[in-house]
Each structure stands twice: as structure tokens, then as C-alpha cells.
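So the structure is just underneath, and the comments pick up after that.
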Number of protein chains: 2
Amino acid sequence: MDTLETRELRYFVAVAEELHFGRAAERLGMAQPPLSRAIQQLERRLGVCLLERNRRGVRLTGAGEVLLHEGRAALDATAAAARRTRRAGGADNPGGPRGRLVLAVKAAASHELLRKLLDAYAAEPGSAEIEVLPCGICEQEELLRDGRADVALMHTPWNSLAGFDSEALTTEGQVAVLPAGHPLAARATLSLADVRDVPDLPLARWPTHGTYAPGPGPEIHNQTQLAQLIALGRTVAVVPDSARSWLWAEHTAVPLTDAPPVVTHIVWPAHSRSLALAGLVRTAARL
Amino acid sequence: MDTLETRELRYFVAVAEELHFGRAAERLGMAQPPLSRAIQQLERRLGVCLLERNRRGVRLTGAGEVLLHEGRAALDATAAAARRTRRAGGADNPGGPRGRLVLAVKAAASHELLRKLLDAYAAEPGSAEIEVLPCGICEQEELLRDGRADVALMHTPWNSLAGFDSEALTTEGQVAVLPAGHPLAARATLSLADVRDVPDLPLARWPTHGTYAPGPGPEIHNQTQLAQLIALGRTVAVVPDSARSWLWAEHTAVPLTDAPPVVTHIVWPAHSRSLALAGLVRTAARL
DNA sequence: CGCGGTGATACCCGGCAGGTATGACAGGAC
DNA sequence: GTCCTGTCATACCTGCCGGGTATCACCGCG
């Protein structure tokens with residue numbers, strides 16, 4: 001009578017994202033009429049109008065917005081249930097590996113810490129196998145939510161940690177990375193205002209969920225590209241202390257006095273009950 | 001091919017909780033054979049053995065345990081999606097009430113704070129209607145997860161806050177509530193060890209998720225009952241400072257020196273995006 | 001005024017969810 | 001041993017509903 005099926009949620013999320021029944025149906029691999037009917041049924045069953053059909057296109061109502069957000073969360077949760085169950089399935093042999101953990105890390109961040117953590121955990125008795133999944137910083141939350149990863153190393157203030165359990169591991173300051181020859185590179189320290197307003201060195205921009213904030217600086221896709229652009233004297237970047245390990249000879253790092261400190265956390269889904277995960281977190285907390 | 005339907009999750013959770021196909025089928029309002037078949041299909045599709053069928057009864061495998069936990073979370077999420085969408089449906093008229101918020105509070109806790117919060121929020125321009133949902137302290141987390149409530153006032157260390165966003169509001173100490181005539185009632189302060197080891201006054205026990213921890217003290221169902229048992233000289237209780245407001249003349253409250261402080265938080269689902277909720281949290285933070 | 005593009009409707013069909021009847025098997029009472 | 005009982009699995013049937021195709025109704029636009 002009143003329990004949503006995941007099929008219905010999948011359909012609605014597709015329509016709400018495309019705002020177009022035809023395209024949504026194509027994405028779902030089905031014809032348009034059954035999709036229309038399914039959405040109508042959904043609206044009737046919920047007793048709520050989800051979409052506003054103007055003759056030209058479709059718009060979300062308030063309730064539609066709510067269902068889009070909540071539905072995505074629910075779909076993530078069911079996908080996570082399936083994935084984690086599948087992964088737990090192989091490890092039914094007692095005495096064998098106590099499961100496998102997937103650890104999501106931002107590519108090339110916290111090398112040092114990651115190495116120490118993996119070594120220390122591998123030395124624990126009865127430790128599980130750890131699969132390291134490199135990814136962009138914005139994907140980590142999604143990976144944890146939909147079960148593709150079990151645990152992640154995240155960095156505030158960039159990641160939000162909302163909805164997860166976490167434990168802080170290390171704190172570090174931030175530095176400005178400048179071309180070695182630049183006048184500012186001679187300074188002992190800088191402030192954020194200093195590096196934001198250099199007319200010949202616009203601040204590099206990183207993508208957030210695939211899109212770039214507006215600004216004069218170049219759009220950065222990866223760390224190598226950033227390093228090159230700095231070396232060429234085209235931009236400046238603000239990065240955590242530990243990033244000094246990948247600097248070139250043509251780079252100079254100057255400490256920033258007023259940049260927010262970067263805290264590395266180990267993060268996992270709040271309801272997790274995995275023994276292997278508990279062991280990894282305990283090991284991390286002892287580092 | 002690989003996406004779980006909520007129907008399958010509902011079925012599996014029922015079987016995993018009952019550990020008995022017949023009873024689970026009855027609970028689900030269906031016959032046993034289709035249920036058996038559905039679970040077999042689920043196992044085949046996941047490629048994982050979930051249940052160990054010994055001729056006498058059923059047991060969960062490791063993967064089954066995982067699916068029970070994750071599946072419950074997924075079912076809660078879909079139920080929350082349905083409920084929140086339904087509730088958002090009424091408020092489609094712009095200019096009308098900006099939605100309605102359901103606030104879960106432990107019955108009879110934080111009277112004072114609640115009153116101040118409701119008054120302050122009602123005075124805000126454009127504030128939503130607040131429905132107060134009294135409940136036991138253990139139900140609050142479930143209510144938030146499955147969408148029956150949007151926001152709650154919780155009290156650490158009893159509630160866990162894991163998986164939610166929260167903001168601390170007030171901190172208070174705890175007191176021991178004793179019969180007025182008892183020798184300990186004459187003391188200016190007490191320690192936890194003092195009240196735990198009184199032979200004639202065993203510490204009252206509150207239920208946790210419907211069950212009681214073992215111990216000598218009486219099992220308490222509600223606050224009135226507790227008050228009466230204390231007045232009769234049958235038990236002693238440890239409660240937050242603010243509970244002084246409901247004490248009887250026959251009660252004496254003595255501050256505890258080493259009890260953990262009780263922090264009242266306002267708590268909401270981490271992914272919530274409701275304007276009304278944001279307003280309420282802002283109001284609470286200013287108190 | 002036709003034409004293209006949108007979502008809705010009408011109708012049909014096949015698969016699968018669900019029911020009933022029954023089987024297979026283990027354990028207990030005697 | 002032989003019942004009987006309680007368990008889950010199998011066999012088979014049926015009706016519903018999810019999905020497909022064809023078509024309609026409507027609007028905006030050249």
C-alpha cells in the first residue's frame with residue numbers, strides 16, 4: 001500500500017534529473033509510455049504531485065525536490081546493501097581472510113600517512129586485506145554512501161564528514177606554491193589575501209563535483225598539470241604542507257599564516273559493524 | 001540485473017529477524033512457499049549464501065548479517081523518502097506554511113529548553129509549524145532515520161548522534177534522587193560509587209531498545225512510576241539537573257561529582273536540505 | 001496551417017509474484 | 001523400528017502488472 005519500490009525510485013530520479021520523459025526512458029533502457037504511467041502511479045500512491053507538466057517540458061514541485069534528494073539517498077543505501085553483501089559473501093570460510101576493506105583515498109594525498117597506516121595495519125594479527133581505491137576528493141562521500149568503499153581518508157575543510165563517523169588523524173598547515181623566481185617567493189610567510197590578489201598569478205581553480213567556480217585562474221584537472229603551470233609562472237596554488245613532497249626545483253613553498261588548517265580524518269559509514277573496519281580505525285588512532 | 005528491490009529486502013529482513021520462514025511469511029501476510037522462493041532468488045542474484053538451513057531452523061551467515069544491517073538502513077531510507085515526500089506535498093502553495101517540521105523529544109525531558117526554543121522559533125518571520133512528537137529516548141534515532149521525524153533533541157551520552165548532523169545546545173550535571181529521609185540525602189554531594197552500592201536502594205533500571213540490563217533494581221517504565229518508587233524508599237535514580245522540576249516533596253536531589261555531564265543537542269539527518277529546518281537550527285544555536 | 005516535439009492514452013502480451021498441494025527430511029516419543 | 005510433527009523445498013497453476021507498440025492531444029513555431 002505505501003512502500004516505495006526501488007524501481008519506482010530509479011524511474012523518478014531519472015525523470016527528475018533529465019526533466020524529460022523521453023530521455024529518461026532512453027537512459028533507463030525502456031519505452032516512454034510505461035515510464036509516464038509508472039510516474040503517475042507513484043504520484044497517485046503518494047497522493048502528491050511531484051512534477052509540473054507544462055506543455056513544453058517538465059519541472060519539479062517542492063515535493064519532487066524532496067523525493068529527488070531522499071530517493072537518491074535511499075537508492076545509494078540499497079546499492080550499498082547489495083555491494084557490501086556480495087563482498088561479504090566470499091569470506092564465509094572462517095579462519096580465512098576476515099573480509100576485505102575498500103579504502104578510498106584522494107589520489108596522491110597523504111602518501112606518508114597512508115603508507116604508515118597500511119604497514120601498521122598489515123602487521124596486526126588477523127588483519128583483513130585492504131584494497132586502495134584512488135579517486136577524486138568529491139567522489140569519496142558518494143563511494144562510501146553507495147557501498148563501493150568501506151572507509152576513506154578525508155580532508156577537512158574540503159570534505160564535509162556529514163552523516164559519517166570519523167576520527168581525526170593529523171593536522172597540517174597550508175603553503176602557497178609559487179614559481180621560484182617570483183618576488184613573493186622571497187617572503188618568509190604570506191597571508192591568503194597576498195596570494196589572492198597577485199595580478200600576474202591568478203589562483204588556480206579545482207573542480208567541485210565536475211564544475212569549476214568562476215574566476216580568472218586556470219582550470220586544473222590534475223596535479224601534474226598544476227605543477228607545470230606553476231613552474232611556467234602562470235598560476236599559484238594553496239596546498240597542504242605535506243604536498244611539499246611533490247614540488248619541483250622551479251617551485252617555492254611559502255607558509256600561509258591565516259589559511260585554515262587541513263585535518264586528515266579516517267571516515268566510515270556511521271552504522272558499520274565490520275570487525276575489520278574496527279581494527280583499521282583502532283590502528284589509525286594509534287598512529 | 002543487480003539492483004535489489006525493496007520487496008526483496010523486506011522479505012529478507014523479516015526472515016532474518018524471525019529465523020523462521022513460516023513466521024516471517026505470516027508477518028508479511030503471505031504464504032511460506034513464495035517467500036522461500038523469493039529468498040532463493042535473492043541468494044542466486046547476489047551470488048551469495050545468506051542463510052544456513054539446518055533441517056531444524058535457520059541461521060544467518062556472515063553475508064546474511066551484513067545484509068540484515070545494510071538492508072534495514074536501506075528500508076529506513078526508502079520509508080523516509082516516502083514519508084518526507086508525502087509531508088512536503090501539502091505545502092506546495094507558495095506563501096503558505098513553509099512546510100511542517102516534526103520534532104522528536106524524549107517525553108518530559110528539557111521542558112524548559114523546548115519551551116524557549118518553540119517560542120523563539122515561532123517569533124521568527126516565515127517560520128514553519130512545529131509538531132512535537134514525544135517518544136522514548138531509544139526511538140528518536142529510528143524516527144529520524146525512517147522519516148517519521150525531521151529533527152530531534154537528544155541527550156549524550158545516552159544517544160549516539162552517529163550518522164546525524166548536530167549542534168550542542170546546553171550542558172548540565174546530574175543529580176542523585178533519593179527518598180528525603182534516607183541517610184545519604186543529608187550529604188552535600190555524592191559520587192557514582194556511593195549510589196551504586198547502597199544495599200537498601202538498588203539503582204533503578206531503564207529499558208534500552210525494549211529490554212532491561214540485568215541488575216537488582218526495579219524495572220522502570222515511566223517517570224511517574226520512578227518518582228513513586230523513590231518516594232516509597234525502594235530505589236534511587238541518577239537524572240540530569242533539569243529533572244529537579246518534577247521532584248516531589250518526598251524526594252531529595254544531591255549533586256553527583258563524577259557523573260558524566262549531559263549535553264542536549266539538536267540533531268537532524270545529515271543530508272537534509274529543508275529551509276524550515278535550517279531556520280530552527282539557527283534559532284536553537286542563538287539560545 | 002502543417003510540422004515537430006512533448007507527454008498521455010489505449011490496447012495487448014508475457015513473465016513473475018503469489019497461492020495451494022505436496023514432498024523430503026530430521027528429530028522426538030514410544 | 002514406526003509414527004507424528006515441524007521444518008523448508010518443489011511442482012504447478014493463475015491473475016496481475018510491468019512493459020511494448022501504436023496512436024492521440026496539445027502546443028509552439030516556421
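All chains are named by letter (A, B, ...) in the order of the sequence lines, taking the proteins before the strands, and each is independently numbered beginning at 1. Just so you know, these numbers use all the heavy atoms, side chains as well, and skip hydrogens, waters and symmetry mates.
Summarising the geometry, the separation between CG on B/Leu42 and P on D/dA9 is reported as 13 Å, rounded to the nearest angstrom. One atom, CD1 of B/Ile39, and another, C1' of D/dC8, lie 12 Å apart when rounded to the nearest Å. Rounded to whole Å, the distance from CD on B/Glu52 to P on D/dT7 is 18 Å. In this structure, the CZ atom of A/Arg59 is 18 Å from the P atom of C/dT6, given to the nearest Å.
Scanning for salt bridge (charged side-chain N to carboxylate O under 4.0 Å, His left out) contacts around A/Arg59 gives A/Glu52, with sequence neighbours left out. With sequence neighbours excluded, no residue forms a salt bridge (charged side-chain N to carboxylate O under 4.0 Å, His left out) with A/Arg282. Among residues two or more places apart in sequence or in another chain, the side chain to side chain donor-acceptor pair (under 3.5 Å) test is passed with A/Glu131 by none. Applying the side-chain contact (heavy atoms from CB on, under 4.5 Å) criterion to A/Ala73, with sequence neighbours excluded, gives B/His271. A/Cys135 meets the side-chain contact (heavy atoms from CB on, under 4.5 Å) test with A/Ala104, A/Glu139, A/Gln140, A/Leu143; sequence neighbours excluded. The ring-ring contact (aromatic ring centres under 6.0 Å, His included) check on B/His20 picks up nothing, with sequence neighbours excluded. Contacts of A/Ala14 classified as side-chain contact (heavy atoms from CB on, under 4.5 Å), with partners at least two apart in sequence or in another chain: A/Ala24, A/Arg27, A/Leu28. Scored by the salt bridge (charged side-chain N to carboxylate O under 4.0 Å, His left out) test, A/Glu26 finds no partners at all (sequence neighbours excluded). When the side-chain contact (heavy atoms from CB on, under 4.5 Å) test is applied to B/Ser160, the partners found at least two apart in sequence or on another chain are B/Glu141, B/Ala162.
DNA chain C lies under 4.0 Å from at least one heavy atom of each of the following residues of residues 4-29 of chain A: A/His20, A/Phe21, A/Gly22.
Here A/Gln41 reaches the OP1 or OP2 of D/dG18: one of its side-chain N or O atoms lies under 4.0 Å away. Regarding contacts with the backbone of D/dT7, every side-chain N or O of B/Arg53 stays at 4.0 angstrom or more from both OP1 and OP2.
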Would you tabulate the nitrogen or oxygen pairs shorter than 3.5 Å linking the protein to nucleotides 9-11 of chain C?
{"from": "C/dT9", "atom 1": "OP2", "to": "A/Gln40", "atom 2": "NE2", "distance (Å)": "2.9"}

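Residue-environment remark: CZ (B/Arg10) exceeds the threshold of 12 foreign heavy atoms within 6.0 Å.
Remark: the backbone N or O of B/Trp268 is not paired with any side-chain donor or acceptor of B/Asp150 at under 3.5 angstrom.
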In dot-bracket form, 5' to 3', how is DNA chain D paired? Count Watson-Crick and G-U wobble pairs only if both distances fall under 3.5 Å, and write | where the partner sits on another strand.
||||||||||||||||||||||||||||||
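Of the candidate nucleotides D/dA9, C/dA8, C/dG19, C/dG19 has the atom nearest to the side chain of B/Met30.
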